Participant: 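Attaching a single structure in structure tokens format; questions to follow.
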Protein chains: 2
Amino acid sequence: MNKFEIGNEIKQRRKFLKITQQELSEIVGVGLRSLIDIESGKGNPTIDQLQKVLSVLGLTFEIKVKSNE
Amino acid sequence: MNKFEIGNEIKQRRKFLKITQQELSEIVGVGLRSLIDIESGKGNPTIDQLQKVLSVLGLTFEIKVKSNE
DNA sequence: GGCAAATGTGCAACTTATTGCATCTTATTG
DNA sequence: CAATAAGATGCAATAAGTTGCACATTTGCC
């Protein structure tokens, strides 16, 4: 799962919850600019940033042993 | 899954592969200091940093909808 | 089409992560 | 116990992420 896929997951989830980037950025406490970069896969956020966004969206991430894709 | 748990997963996997932090840092191309911080949960690495480490260790991460824990 | 909201971009200031080095504390092994 | 390797910490310089602002582009709705 790369940064673009991560961004897409977040964008999909946000749209599912019917909130705008601006609203989400305010709720999460992350700058709008950063959120935009995260969703579009252009940024390289820290884990804290990512976790805050995922948490508010009701998402979480897990580490797994890579199986034959 | 928080930063400490992430660090532990990485440390466990590294030990399973029987390599030292220094060896892993050289293989991954990440500074030893950063790797130490990641494993101990003290750092706040970027996704790129984390991805590089996970990739070399044969690990991957997925985003999921949070279910009732 | 036209308007308004939402999303994306360039830039600069500010904050924070990354890295290497020296040093210290813990294992580990003979 | 002694010696060596592995792991951890403080610090300073460098590299990179974060943010807000102004402005451009796209999207959605009437």
Side-chain angles (χ1 to χ4, degrees):
Chain A
M1 186 165 225
N2 59 43
K3 285 190 294 185
F4 292 94
E5 293 172 317
I6 293 168
N8 265 331
E9 286 282 345
I10 291 172
K11 178 174 285 191
Q12 298 300 319
R13 181 69 175 174
R14 177 177 59 76
K15 289 188 173 177
F16 172 76
L17 297 174
K18 298 196 191 311
I19 55 180
T20 65
Q21 290 178 326
Q22 176 140 8
E23 289 169 332
L24 181 56
S25 81
E26 288 167 0
I27 296 170
V28 175
V30 163
L32 172 59
R33 191 50 152 75
S34 301
L35 181 60
I36 288 173
D37 287 343
I38 292 174
E39 284 195 357
S40 59
K42 289 171 186 162
N44 182 25
T46 60
I47 292 184
D48 280 345
Q49 291 276 99
L50 183 61
Q51 292 274 46
K52 282 196 285 187
V53 175
L54 293 180
S55 173
V56 169
L57 291 175
L59 298 173
T60 185
F61 79 83
E62 303 175 3
I63 293 182
K64 301 199 164 193
V65 178
K66 200 181 300 177
S67 49
N68 325 346
E69 62 246 37
Chain B
M1 187 165 222
N2 59 43
K3 286 189 296 184
F4 292 94
E5 293 172 316
I6 293 169
N8 265 332
E9 285 282 344
I10 291 172
K11 177 174 286 191
Q12 299 299 320
R13 182 70 176 173
R14 177 177 58 78
K15 289 187 173 178
F16 172 76
L17 297 174
K18 299 196 191 309
I19 55 180
T20 66
Q21 291 177 327
Q22 177 142 7
E23 288 169 332
L24 179 58
S25 81
E26 287 167 1
I27 297 171
V28 174
V30 164
L32 172 59
R33 191 51 153 78
S34 302
L35 182 60
I36 288 173
D37 287 343
I38 291 173
E39 284 195 357
S40 61
K42 289 171 187 162
N44 183 26
T46 60
I47 292 185
D48 279 345
Q49 290 274 98
L50 184 60
Q51 293 273 47
K52 283 196 286 186
V53 175
L54 293 180
S55 172
V56 168
L57 291 175
L59 298 174
T60 184
F61 78 84
E62 302 175 2
I63 292 182
K64 301 201 164 190
V65 177
K66 200 181 300 176
S67 49
N68 326 347
E69 62 241 35

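Just so you know, these numbers come straight off a predicted model, no measurement behind them. Chain naming here is simple, since letters A, B, ... match the order of the sequence lines and numbering starts at 1 in each.
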Participant: Whole angstroms only, please: what is the CG-P distance between L35(A) and dG8(C)?
Facilitator: 9 Å

Participant: Within the 4.0 Å heavy-atom criterion, would you say K11(B) contacts the bases, only the backbone, or no part of the nucleic acid?
Facilitator: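 Sugar-phosphate contact only - K11(B) comes under 4.0 Å of backbone atoms but never of a base.
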
Participant: Please name the pair of heavy atoms, one in E9(A) and one in L59(A), separated by the smallest distance, quoted to 0.1 Å.
Facilitator: O-CD1, 4.4 Å

Participant: Please report, rounded to the nearest Å, how far the C1' atom of dG7(D) is from the CD1 atom of I19(B).
Facilitator: 14 Å

Participant: Is there a side-chain contact between Q21(A) and the phosphate of dG8(C), meaning an N or O under 4.0 Å from OP1 or OP2?
Facilitator: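 Yes.
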
Participant: In whole angstrom, give the distance that lies between atom CD of Q12(B) and atom P of dG7(D).
Facilitator: 13 Å

Participant: Check this one for me: any side-chain N or O of T20(B) less than 4.0 Å away from OP1 or OP2 of dA6(D)?
Facilitator: no

Participant: Are the side chain of E5(A) and the backbone of N2(A) linked by a donor-acceptor contact shorter than 3.5 Å?
Facilitator: yes

Participant: For L32(A) and dC23(D), what is the distance between atoms CG and P respectively, to the nearest whole Å?
Facilitator: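 Answer to the nearest Å: 17 Å.
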
Participant: Tell me, which of residues 36-53 of chain A have any heavy atom that sits under 4.0 Å from an atom in DNA chain D?
Facilitator: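 Close to the strand are N44(A), P45(A), T46(A), Q49(A).
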
Participant: How far apart are the closest heavy atoms of G31(A) and S25(A), and which atoms are they?
Facilitator: C-CB, 4.1 Å

Participant: Specify the separation, in whole Å, of atom CZ of R33(B) and atom P of dT14(D).
Facilitator: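 Going from R33(B) (CZ) to dT14(D) (P), I get 18 Å.
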
Participant: dA6(C) P sits how many Å from R14(A) CZ, rounded?
Facilitator: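 From R14(A) CZ to dA6(C) P: 10 Å.
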
Participant: Determine whether I10(A) and I38(A) make a side-chain contact, defined as any pair of heavy atoms from C-beta on separated by less than 4.5 Å.
Facilitator: yes

Participant: Identify the heavy atoms of M1(A) and Q51(B) that sit nearest to each other, and give their distance.
Facilitator: O-NE2, 2.6 Å

Participant: Whole angstroms only, please: what is the NZ-P distance between K3(B) and dT16(C)?
Facilitator: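 For the pair K3(B) NZ and dT16(C) P, the rounded distance is 12 Å.
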
Participant: Just report the end-to-end axis angle for the helix from dG1(C)-dC30(D) to dG30(C)-dC1(D), five pairs per end, to 10 degrees.
Facilitator: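 It works out to 70° between the end axes.
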
Participant: Measure the distance from CD on Q22(B) to C1' on dG7(D) and round it to the nearest whole Å.
Facilitator: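 Going from CD in Q22(B) over to C1' in dG7(D) covers 11 Å.
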
Participant: So, are K52(B) and D48(B) salt-bridged, with charged N and O less than 4.0 Å apart?
Facilitator: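 A salt bridge is absent here (no side-chain N lies under 4.0 Å from a carboxylate O).
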
Participant: From T46(B) OG1 over to N44(A) CG, what is the distance, rounded to the nearest 0.5 angstrom?
Facilitator: 4.0 Å

Participant: When clusters are formed by joining ILVMFWY residues with side-chain heavy atoms under 4.5 Å apart, either directly or through shared neighbours, do V65(B) and L57(A) land in the same one?
Facilitator: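 The answer is yes; both residues are in one hydrophobic cluster.
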
Participant: So I47(B) and P45(A), do their side chains get closer than 4.5 Å, heavy atoms only?
Facilitator: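 Yes. Closest side-chain heavy atoms under 4.5 Å.
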
